[in-house]
Trainee: 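Following this message is one structure expressed as structure tokens.
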Amino acid sequence: MIKTESLTKQYGSLTAVDAVSFTVSPGEVLGFLGPNGAGKTTTMRMLAGFINATSGRASICGHDVDSDSLAARACLGYLPEGAPAYGEMTVRDFLDFIAALRQLHGSARSRIDAVIERLQLQSVLNQTIETLSKGFRRRVGLAQAIMHDPPVLILDEPTDGLDPNQKHEVRTLINDMAGDKTVIISTHILEEVDAVCTRAIIIAHGRIVADDTPQGLAARAPSGRLDDVFRTITA
């Protein structure tokens with residue numbers, strides 16, 4: 001489970017995230033939507049422990065992100081914006097490194113091969129990450145996020161840079177994993193919300209302005225289209 005209570009982040013006089021509260025339960029795939037600068041990525045970074053909140057609190061699987069950060073991060077798979085990695089490493093070396101960090105030893109290391117196959121990385125295992133296309137880098141980022149089979153996934157633009165077939169594969173992967181996991185994905189692709197999300201939150205100017213199922217949000221517009229609701233709410 002993911003839970004936030006009045007989560008706030010300020011940079012001087014700028015309030016990037018303003019008293020955001022929500023709960024995401026196992027089996028839910030929450031789409032986190034909003035225009036650029038709305039506070040989506042900042043909220044995800046606070047949940048992942050990359051930056052500290054100014055006030056409020058957040059927890060992952062019952063572990064406070066600030067006071068019990070190691071336990072919270074052990075439950076979490078995080079794909080950050082841009083999927084940063086060590087460019088000089090080969091894909092195989094990087095995934096071995098991630099497995100070691102996650103303390104996957106002995107038979108558990110078979111998980112590496114399962115993830116490689118699932119994300120179709122066989123053809124690039126011996127390439128350095130800096131030579132990969134944007135799509136393959138994204139897939140390597142997804143591989144490190146799911147390596148330890150975490151109960152919670154936070155994915156920032158998981159299909160960014162992928163071609164249509166790859167987007168379909170990643171969406172299928174998210175749907176396959178969603179049954180026993182808690183998932184948040186940020187996306188600007190509204191068709192992705194319909195394809196994988198059971199619920200959607202729209203954030204604008206750092207505040208939550210809507211929280212409903214994709215179908216419930218779409219029903220708010222005469223056209224029945226989610227993009228029309230999105231434009232109206234975030235205007």
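From a predicted model like this one, the values you see are computed outputs, not experimental measurements. Just so you know, these numbers use all the heavy atoms, side chains as well, and skip hydrogens, waters and symmetry mates.
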Trainee: Are M44 and S186 side-chain neighbours, meaning at least one heavy-atom pair lies under 4.5 Å?
Mentor: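 Yes, at least one pair of side-chain atoms sits under 4.5 Å.
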Trainee: Run the salt bridge (Lys or Arg N to Asp or Glu O under 4.0 Å) test against E157 and tell me which residues pass, sequence neighbours left out.
Mentor: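 In terms of salt bridge (Lys or Arg N to Asp or Glu O under 4.0 Å), with neighbours along the sequence ignored, E157 is linked to no residue.
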Trainee: Under 3.5 Å, side-chain donor or acceptor atoms of residues 76-91 against the rest of the protein: list the pairs with distances, not counting sequence neighbours.
Mentor:
unit_1, atom_1, unit_2, atom_2, d
T90, OG1, D93, N, 3.1
T90, OG1, D93, OD2, 3.3

Trainee: Using the rule given for side chain to side chain contact (heavy atoms under 4.5 Å, CB included), can you reason through L33 versus L190, listing the C-alpha separation, both sets of side-chain angles and the distance that settles it, and then say yes or no?
Mentor: CA-CA 8 Å; L33 309 174; L190 296 179; 4.1 Å; yes
Trainee: For G49, is there any backbone N or O sitting under 3.5 Å from a side-chain donor or acceptor partner on R73?
Mentor: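 At least one qualifying donor-acceptor pair exists.
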Trainee: Measure the shortest side-chain to side-chain distance between T23 and I2 over non-hydrogen atoms and say whether it is less than 4.5 angstrom.
Mentor: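 They are not in contact (no side-chain heavy atoms under 4.5 Å apart), so the answer is no.
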Trainee: With side chain to side chain contact (heavy atoms under 4.5 Å, CB included) as the criterion, how do T172 and D176 come out once you've worked through the C-alpha distance, each side chain's angles and the decisive distance to 0.1 Å?
Mentor: CA-CA 6 Å; T172 299; D176 288 347; 3.8 Å; yes
Trainee: Under the salt bridge (Lys or Arg N to Asp or Glu O under 4.0 Å) rule, what do D18 and K9 come out as? Steps first, then yes or no, please.
Mentor: CA-CA 7 Å; D18 191 359; K9 182 63 180 178; over 6 Å; no
Trainee: Could you tell me whether a side-chain N or O of T131 sits under 3.5 Å from a main-chain N or O of T128, the two making a donor and an acceptor?
Mentor: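 Present.
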Trainee: Would you check, one step at a time, whether the test salt bridge (Lys or Arg N to Asp or Glu O under 4.0 Å) holds for R199 with D211?
Mentor: CA-CA 7 Å; R199 181 174 150 217; D211 184 348; 2.8 Å; yes
Trainee: Check whether T4 reaches the backbone of V20 with its side chain - one donor and one acceptor, N or O, closer than 3.5 Å.
Mentor: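 Yes.
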Trainee: Ignoring hydrogens and angles, state whether a donor on the side chain of T187 or E192 is under 3.5 Å from an acceptor on the partner side chain.
Mentor: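 Checked: T187/E192 side chains pair up, N/O donor to acceptor below 3.5 Å.
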Trainee: Could you point out which residue of L7, I203, I208 forms a side chain to side chain contact (heavy atoms under 4.5 Å, CB included) with F22?
Mentor: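 Going through the options one by one, the only one that passes is I208.
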Trainee: Any chain of hydrophobic side-chain contacts (each under 4.5 Å) joining F32 to L217?
Mentor: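 No, F32 does not connect to L217 through the hydrophobic network.
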Trainee: What do you reckon, is CG of L14 surrounded by more than 12 foreign heavy atoms closer than 6.0 Å?
Mentor: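 Yes, the 6.0 Å shell around CG holds more than 12 heavy atoms from other groups.
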Trainee: Do I146 and M177 come close enough that some side-chain heavy atom pair is under 4.5 Å?
Mentor: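 Side-chain contact under 4.5 Å: yes.
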Trainee: Does any part of the side chain of R138, heavy atoms only, come nearer than 4.5 Å to the side chain of D160, both counted from C-beta?
Mentor: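 Sidechains of R138 and D160: in contact.
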Trainee: Could you pull out the closest heavy-atom pair between A200 and P214, with the gap in Å?
Mentor: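 In terms of heavy atoms, the two residues are closest at N-CD, 4.5 Å.
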Trainee: Mind checking the CG-CG spacing from L119 to L142? Nearest 0.5 Å is all I need.
Mentor: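 Answer rounded to 0.5 Å: 6.0 Å.
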Trainee: Would you say Q127's side chain and V124's backbone share a donor-acceptor pair under 3.5 angstrom?
Mentor: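 No, because the side chain of Q127 does not come within donor-acceptor range (under 3.5 Å) of the backbone of V124.
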Trainee: Transitively linked via ILVMFWY side-chain contacts under 4.5 Å: L30 with L47?
Mentor: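 Result: yes, single cluster for both.
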Trainee: Side-chain contact test, heavy atoms from C-beta onward, threshold under 4.5 Å: evaluate it for P151 versus P26 and give yes or no.
Mentor: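 No. Closest side-chain heavy atoms not under 4.5 Å.
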Trainee: Could you go step by step and tell me if V115 and R111 meet the side chain to side chain contact (heavy atoms under 4.5 Å, CB included) rule?
Mentor: CA-CA 6 Å; V115 168; R111 176 74 183 164; 3.7 Å; yes
Trainee: Which atom pair, heavy atoms only, marks the closest approach of R102 to A74?
Mentor: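 In this case the closest contact between R102 and A74 is NH1-CA, 4.0 Å.
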Trainee: With distance as the sole test, does S13 use its side chain to make a donor-acceptor pair with the main-chain N or O of Y11 at under 3.5 Å?
Mentor: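 No, because the side chain of S13 does not come within donor-acceptor range (under 3.5 Å) of the backbone of Y11.
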Trainee: Look up atom CG in D64 and atom NZ in K3, then write down how far apart they are to the nearest 0.5 Å.
Mentor: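 The CG atom of D64 sits 11.5 Å away from the NZ atom of K3.
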Trainee: Rounded to the nearest 0.5 Å, what separation is found between the OG1 atom of T198 and the CD atom of Q215?
Mentor: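 Going from OG1 on T198 over to CD on Q215, the span is 9.5 Å.
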Trainee: Quick one: list whatever passes salt bridge (Lys or Arg N to Asp or Glu O under 4.0 Å) with E130, sequence neighbours left out.
Mentor: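 Salt bridge (Lys or Arg N to Asp or Glu O under 4.0 Å) check on E130 returns nothing, list empty.
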Trainee: Are C75 and P150 packed together at the side-chain level, in the sense that at least one heavy-atom pair is separated by less than 4.5 angstrom?
Mentor: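 No, side chains not in contact.
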Trainee: In terms of hydrophobic clustering (I, L, V, M, F, W, Y; side-chain heavy atoms under 4.5 Å; direct or indirect links), are I154 and V29 co-clustered?
Mentor: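 Shared cluster, no.
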Trainee: Kindly determine whether E191 and R171 satisfy salt bridge (Lys or Arg N to Asp or Glu O under 4.0 Å), including the steps that lead there.
Mentor: CA-CA 11 Å; E191 69 179 49; R171 291 169 187 168; 3.3 Å; yes
Trainee: Is it possible for you to say whether L104 and F94 belong to one hydrophobic cluster, with membership spreading through side-chain heavy-atom contacts below 4.5 Å?
Mentor: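 Yes, because L104 and F94 connect within a single hydrophobic cluster, where side-chain heavy atoms sit under 4.5 Å apart.
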Trainee: Within a radius of less than 6.0 Å around CD of E117, do more than 12 heavy atoms belonging to other residues, nucleotides or ligands occur?
Mentor: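 At most 12 heavy atoms, drawn from other residues, nucleotides or ligands, come within 6.0 Å of this atom.
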Trainee: When rounded to the nearest 0.5 angstrom, what distance separates CG in L121 from CD1 in I116?
Mentor: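 Those atoms lie 6.5 Å apart.
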Trainee: How far does CG of N175 sit from SG of C197, to the nearest 0.5 angstrom?
Mentor: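 N175 atom CG to C197 atom SG measures 9.0 Å (nearest 0.5 Å).
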Trainee: Kindly give the heavy-atom pair with the smallest separation between A145 and L155, and that separation in Å.
Mentor: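 Here A145 and L155 meet closest at CB-CD2, 4.5 Å.
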Trainee: Using a cut-off of 6.0 Å, state whether more than 12 heavy atoms not belonging to R207 lie near its atom CZ.
Mentor: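 No, the 6.0 Å shell around CZ holds no more than 12 heavy atoms from other groups.
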Trainee: So, R92 side chain and N126 main chain: donor-acceptor pair closer than 3.5 Å or not?
Mentor: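 No, because the side chain of R92 does not come within donor-acceptor range (under 3.5 Å) of the backbone of N126.
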Trainee: Any chance you could lay out the side chain to side chain contact (heavy atoms under 4.5 Å, CB included) test for R57 and V65, step after step, and finish with the verdict?
Mentor: CA-CA 8 Å; R57 65 185 300 269; V65 168; over 6 Å; no
Trainee: Do D156 and T41 get their side chains close enough for a donor-acceptor pair, meaning under 3.5 Å?
Mentor: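 Present: a donor and an acceptor within the cut-off.
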Trainee: What's the spacing between E5 CD and S59 OG if we round to 0.5 Å?
Mentor: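 OG of S59 is found 7.0 Å from CD of E5.
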Trainee: State yes or no: do I201 and M1 share one hydrophobic cluster built from I, L, V, M, F, W and Y residues joined by side-chain heavy-atom distances below 4.5 Å, directly or via other members?
Mentor: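 No; tracing contacts between hydrophobic side chains, which count when under 4.5 Å, never links both residues.
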Trainee: Can you check whether L162's main-chain N or O pairs, donor with acceptor, with K134's side chain at less than 3.5 Å?
Mentor: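 Checking the backbone N and O of L162 against the side chain of K134, no donor-acceptor pair under 3.5 Å is found.
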Trainee: Of all heavy-atom pairs between L173 and R118, which one has the smallest distance, and what is that distance?
Mentor: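 It is CD1-NE, 2.9 Å.
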Trainee: Identify which one of I60, I184, V24 satisfies the side chain to side chain contact (heavy atoms under 4.5 Å, CB included) criterion when paired with V152.
Mentor: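 Per the side chain to side chain contact (heavy atoms under 4.5 Å, CB included) rule, the option paired with V152 is I60, out of I60, I184, V24.
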Trainee: Which atom names give the shortest non-hydrogen contact between D212 and R220, and what distance separates them?
Mentor: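 Closest approach of D212 to R220: OD2-NH2, 3.8 Å.
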Trainee: Between T54 and Q10, is there a donor-acceptor pair closer than 3.5 Å when you use the side chain of the first and the backbone of the second?
Mentor: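 Yes, because the side chain of T54 sits within donor-acceptor range (under 3.5 Å) of the backbone of Q10.
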